[in-house]
There are 2 protein chains.
Amino acid sequence: MGKLPNIPDIVIGRLPIYLRALAHMIQGGKEYTSSHELGERLGISSAQIRKDLSHFGEFGKQGTGYNLAYLYEQIRHILHVDQQWPVAIVGMGDLGHALANYRGFETRGFRVSCLFDNDVKIIGDSVAGMEILPIDVMHDVIQQQGVRVAMVAVPADQAQFVANQLAQAGVKAILNYAPITLAVPVGVRVQYIDPVAHLQHMTYYLET
Amino acid sequence: MGKLPNIPDIVIGRLPIYLRALAHMIQGGKEYTSSHELGERLGISSAQIRKDLSHFGEFGKQGTGYNLAYLYEQIRHILHVDQQWPVAIVGMGDLGHALANYRGFETRGFRVSCLFDNDVKIIGDSVAGMEILPIDVMHDVIQQQGVRVAMVAVPADQAQFVANQLAQAGVKAILNYAPITLAVPVGVRVQYIDPVAHLQHMTYYLET
DNA sequence: TAGATTGTTAATCGATTAACAATC
DNA sequence: TAGATTGTTAATCGATTAACAATC
């Protein structure tokens, strides 16, 4: 299992951005790109792109740059998204609905495979062709389906409880939409999406 | 206008996280915290928190730490969220609906003030007490309302066009949910929310 | 007072950039 | 060949951490 040693996490975080831009270029019919072109597009230096990629191998050719399809496949493989990960969604309010119906997962390595909520008024409802299940059965369903990735879209005061349940069921990656920092066991990763935090980051630079 | 010089952007990005945690502690009835306690909670070193805050002033007291209410107010002021910014939402699909109905903006410095879409089937519909307006009137409405912050929730192939329109109307901060990198004029800021990119970041560490 | 914790300095650590030989 | 661009090294830059005097 050729595990690569100690790549900086900040580099890993940029790979999805590269992947996204490569997909875009491929869709535009291009066949090759260069670190310069890619960097220009993303507002990143070409040196950084070459350095980042060099952690994983040699993907380009002097003089001509990178074959888009090849580099795309390589990064997909590195990120383990040359497969489809089943994903659970917990919390089927407006946001959960939006995520369940979002068409952008399939092509990028994920497939929503189960939906959970604890509101009896919506349990049993069908969303995106799936039935909303009660939290009680979450542990069993997640284990049955081998789910290791989940998105949490419940109110802030329930997010830690849900995260505990998910970790216990074997989930190793949590995308948390609740605006709180979660405590999770070692081996479980959390990424946060808090639109307000992003907005606040920008208003700092705005004159009142 | 006591503008502070050249604070690293990475520090600014952490302030909303601090703010979120402080709000949480205040709600829990606490009155004081320390850099150690806050750091523990957030998985950040206490030294970093003290260093970050020291860019803006002296907010603590030796021996006792930080008064929560005071520090909270100070950071709100620094981030310019001790006021309510009107925000436009462009793209009223599932995600736009979820954002329009989200109750988490008001307490954190924002107020959704107008909704836009270009789909005649939903233009005129009412969401969260607001009417969905056509993109044609976006420029005028945004100027009338003095909107300088917008959230873009349109399909990827329309996001750049929308961003251009927004910039032209005077919007200075764009939160972009479309999975593409936007090109915007100098003086306009963009933050990105791409759930798939976050998921891919985590699957790197997952065994296949 | 004794204990705790700040704000700050200096040291360390890590990430980014510039430069260039190699080579397509 | 001449031009372009890679992968890599070394230099630079910036961020984090450790340590501690000051002081509540």
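Order of the sequence lines fixes the chain letters, A, B, ..., with proteins taken first and strands second; residue numbering starts at 1 for each chain. FYI, side chains are in, hydrogens and waters are out, and symmetry mates aren't considered; it's all heavy atoms of this structure. Please read these numbers as outputs of a predicted model, since none were measured by experiment.
Other residues, nucleotides and ligands contribute at most 12 non-hydrogen atoms within 6.0 Å of the NE2 atom of B:His77.
Among the atoms of the strands shown, none is found under 4.0 Å from any heavy atom of B:Ser46.
With B:Tyr205 as the aromatic partner, A:Arg189 meets the cation-pi criteria of under 6.0 angstrom to the ring centre and within 45 degrees of the ring axis.
A:Ile44 has its CD1 atom 15 Å from the P atom of C:dA15, to the nearest Å. In this structure, B:Leu53 atom CG and C:dT6 atom P are separated by 9 Å, rounded to whole Å. Following rounding to the nearest Å, B:Asp9 (CG) and C:dT16 (C1') show an atom-to-atom distance of 16 Å. One can place OH of B:Tyr32 at 13 Å from P of C:dT5, the figure rounded to the nearest angstrom. For the pair A:Asn6 CG and C:dC13 C1', the interatomic distance rounds to 14 Å; values are reported in whole Å. Residue A:Lys51 contributes atom NZ, which lies 13 Å from atom P of D:dG7 at whole-angstrom precision. Distance CZ (B:Phe56) to P (C:dT6): 17 Å, rounded to an integer number of Å. Nucleotide C:dT17 holds its P atom 6 Å from the CD atom of A:Gln48, rounded to whole Å.
In this structure, B:Ser34 has no side-chain hydrogen bond (donor to acceptor under 3.5 Å, both in side chains) partners at least two apart in sequence or on a different chain.
Considering only side-chain atoms of A:Glu58, the nucleotide from C:dT9, C:dT17, D:dT8 that sits closest is D:dT8. Nearest to the side chain of B:Gln62, among C:dT16, D:dC24, D:dT17, sits D:dC24. Comparing atom distances between the A:Ser54 side chain and each of C:dG7, D:dG7, D:dT9 picks out D:dG7 as nearest.
A distance-only check finds a donor-acceptor pair linking the side chain of B:Tyr192 to the backbone of B:Leu182 [under 3.5 Å].
Projected onto DNA chain D by closest heavy-atom contact, A:Gly60 and B:Gly63 fall at different nucleotides, the more 5' of which corresponds to A:Gly60. Comparing A:Pro8 and A:Thr64 by the nucleotide of DNA chain C whose heavy atom lies nearest to each, the residue mapping closer to the 5' end is A:Pro8.
With a 3.5 Å ceiling on both atom-pair distances, the Watson-Crick or G-U wobble partner of D:dA21 is C:dT6.
Proximity of A:Ser35 to the phosphate of D:dT6: a side-chain N or O atom is located under 4.0 Å from OP1 or OP2. Distances shown here put every side-chain N or O of A:Arg50 at or beyond 4.0 Å from the OP1 or OP2 atom of D:dA4. At least one side-chain nitrogen or oxygen of A:Ser45 sits closer than 4.0 Å to the OP1 or OP2 atom of C:dT17. Residue B:Tyr66 places at least one side-chain N or O under 4.0 Å from the OP1 or OP2 atom of C:dG7.
Relative ring orientation between A:Trp85 and A:His80 is described as tilted, the plane-to-plane angle lying within the 30° to 60° band.
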